[in-house]
Amino acid sequence: MDAPESTQLCRGEDSLQYRCGSQAANDLDAFIARRPVNCVPLSLDPYGRTVATCSVGGADLGEWLVHNGLALDWPQYSKGRYHEAQRDAERAGRGLWKGSYVEPWLYRSCIRASGKPSACSDDANAHP
């Protein structure tokens with residue numbers, strides 16, 4: 001899965017911008033609630049970052065984030081593992097699905113190309 005970056009902005013159902021990356025981080029922190037987190041490394045991405053599956057109390061954190069609309073399934077790495085959780089979040093209009101967003105991987109690409117967070121957060125490719 002891939003969650004919005006901390007500097008990323010999304011638009012809520014009221015069309016106003018909010019810090020969706022910060023929202024995801026804060027909601028995840030509240031869910032974890034100081035419980036121990038277990039991560040199983042799977043691979044490295046092209047940037048040398050560890051790709052892992054993490055859980056707390058038996059709950060897959062990636063699935064929890066996607067199910068709550070705080071992150072997107074990223075099939076390149078998940079192989080569709082979170083597809084159903086994403087469909088459920090989209091149907092229910094949770095989190096990112098309440099308004100519009102730019103996929104986190106596209107946001108990062110824009111930032112790497114010297115884009116500003118506000119410009120990279122809103123573009124013609126925003127969903128919906």
Side-chain angles (χ1 to χ4, degrees):
M1 63 93 219
D2 197 9
E5 296 292 321
S6 61
T7 56
Q8 189 170 343
L9 302 169
C10 296
R11 291 193 181 272
E13 57 191 328
D14 56 6
S15 295
L16 297 177
Q17 287 187 324
Y18 72 99
R19 293 181 58 147
C20 49
S22 293
Q23 178 77 49
N26 291 337
D27 287 3
L28 179 62
D29 184 56
F31 177 71
I32 292 171
R34 300 181 186 258
R35 294 180 288 169
V37 175
N38 180 48
C39 293
V40 177
L42 303 173
S43 63
L44 293 177
D45 74 4
Y47 299 98
R49 298 175 296 201
T50 300
V51 177
T53 300
C54 297
S55 60
V56 65
D60 179 323
L61 294 177
E63 184 171 6
W64 184 87
L65 283 162
V66 173
H67 177 80
N68 285 288
L70 300 169
L72 299 174
D73 180 36
W74 197 1
Q76 176 180 345
Y77 295 103
S78 73
K79 310 294 187 243
R81 178 178 183 153
Y82 304 122
H83 176 75
E84 288 302 317
Q86 181 165 300
R87 284 188 56 204
D88 187 51
E90 184 177 8
R91 279 192 294 253
R94 286 191 292 271
L96 297 170
W97 301 102
K98 287 181 183 178
S100 64
Y101 63 89
V102 172
E103 287 89 345
W105 52 90
L106 296 178
Y107 174 82
R108 283 191 300 276
S109 178
C110 179
I111 293 294
R112 281 193 299 273
S114 301
K116 294 187 180 349
S118 58
C120 292
S121 294
D122 272 333
D123 75 1
N125 297 320
H127 290 275

Residue pairs passing the salt bridge (charged side-chain N to carboxylate O under 4.0 Å, His left out) test with at least one member in residues 1-12, sequence neighbours excluded, are Asp2-Arg108, Glu5-Arg108, Arg11-Asp122
task: Name all pairs fulfilling the disulfide (SG to SG under 2.5 Å) condition that reach into residues 26-94, sequence neighbours left out, sorted by first residue then second.
output: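 Non-adjacent pairs meeting disulfide (SG to SG under 2.5 Å): Cys39-Cys54.
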Check: Apart from Leu70 itself, what residues make up its hydrophobic cluster, given side-chain heavy atom links below 4.5 Å?
Finding: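 The other cluster members (ILVMFWY side chains, heavy atoms under 4.5 Å, direct or chained) are Met1, Leu28, Phe31, Ile32, Val37, Val56, Leu61, Trp64, Leu65, Val66, Tyr82.
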Restricting to non-hydrogen atoms, name the atom on Asp73 and the atom on His83 that form the minimum distance, rounded to 0.1 Å.
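That would be OD2-N, 3.5 Å.
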Answer yes or no: are there more than 12 heavy-atom neighbours, outside Arg34 itself, under 6.0 Å from its atom CZ?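 Open.
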Those residues at least two apart in sequence (or on a different chain) that pass salt bridge (charged side-chain N to carboxylate O under 4.0 Å, His left out) with Arg49 are Asp45
Next item on the list: Could I get the full list of salt bridge (charged side-chain N to carboxylate O under 4.0 Å, His left out) partners for Glu90, not counting sequence neighbours?
Entry: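 Testing Glu90 for salt bridge (charged side-chain N to carboxylate O under 4.0 Å, His left out), a comparison that skips the adjacent residues, returns none.
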With a 4.5 Å heavy-atom cut-off, do Tyr107 and Thr7 have their side chains touching? yes
Considering only heavy atoms from C-beta outward, does the side chain of Trp97 approach that of Gln86 to under 4.5 Å? yes
Please report the interatomic distance [atom1]([X]) to [atom2]([Y]), rounded to the nearest 0.5 Å.
{"X": "Ile111", "Y": "Lys116", "atom1": "CD1", "atom2": "NZ", "result": "9.5 Å"}
{"X": "Cys110", "Y": "Gln8", "atom1": "SG", "atom2": "CD", "result": "10.0 Å"}
{"X": "Ser78", "Y": "Gln76", "atom1": "OG", "atom2": "CD", "result": "9.5 Å"}

Report task. Just do the side-chain contact (heavy atoms from CB on, under 4.5 Å) check on Tyr18 and Lys98 with the steps written out, would you? Result -> CA-CA 12 Å; Tyr18 72 99; Lys98 287 181 183 178; over 6 Å; no
side-chain contact (heavy atoms from CB on, under 4.5 Å) with Pro4: of Cys20, Ser22, Ser121, only one passes, and it is Cys20
Shared hydrophobic cluster, Leu72 / Trp74 (ILVMFWY, side-chain heavy atoms < 4.5 Å):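 Same cluster: Leu72 reaches Trp74 through Ile, Leu, Val, Met, Phe, Trp or Tyr contacts under 4.5 Å.
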Exercise. Report the residues that fulfil side-chain hydrogen bond (donor to acceptor under 3.5 Å, both in side chains) with Asp27, sequence neighbours left out, ordered by chain and then residue number.
Key: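 Here the qualifying residues are Gln23.
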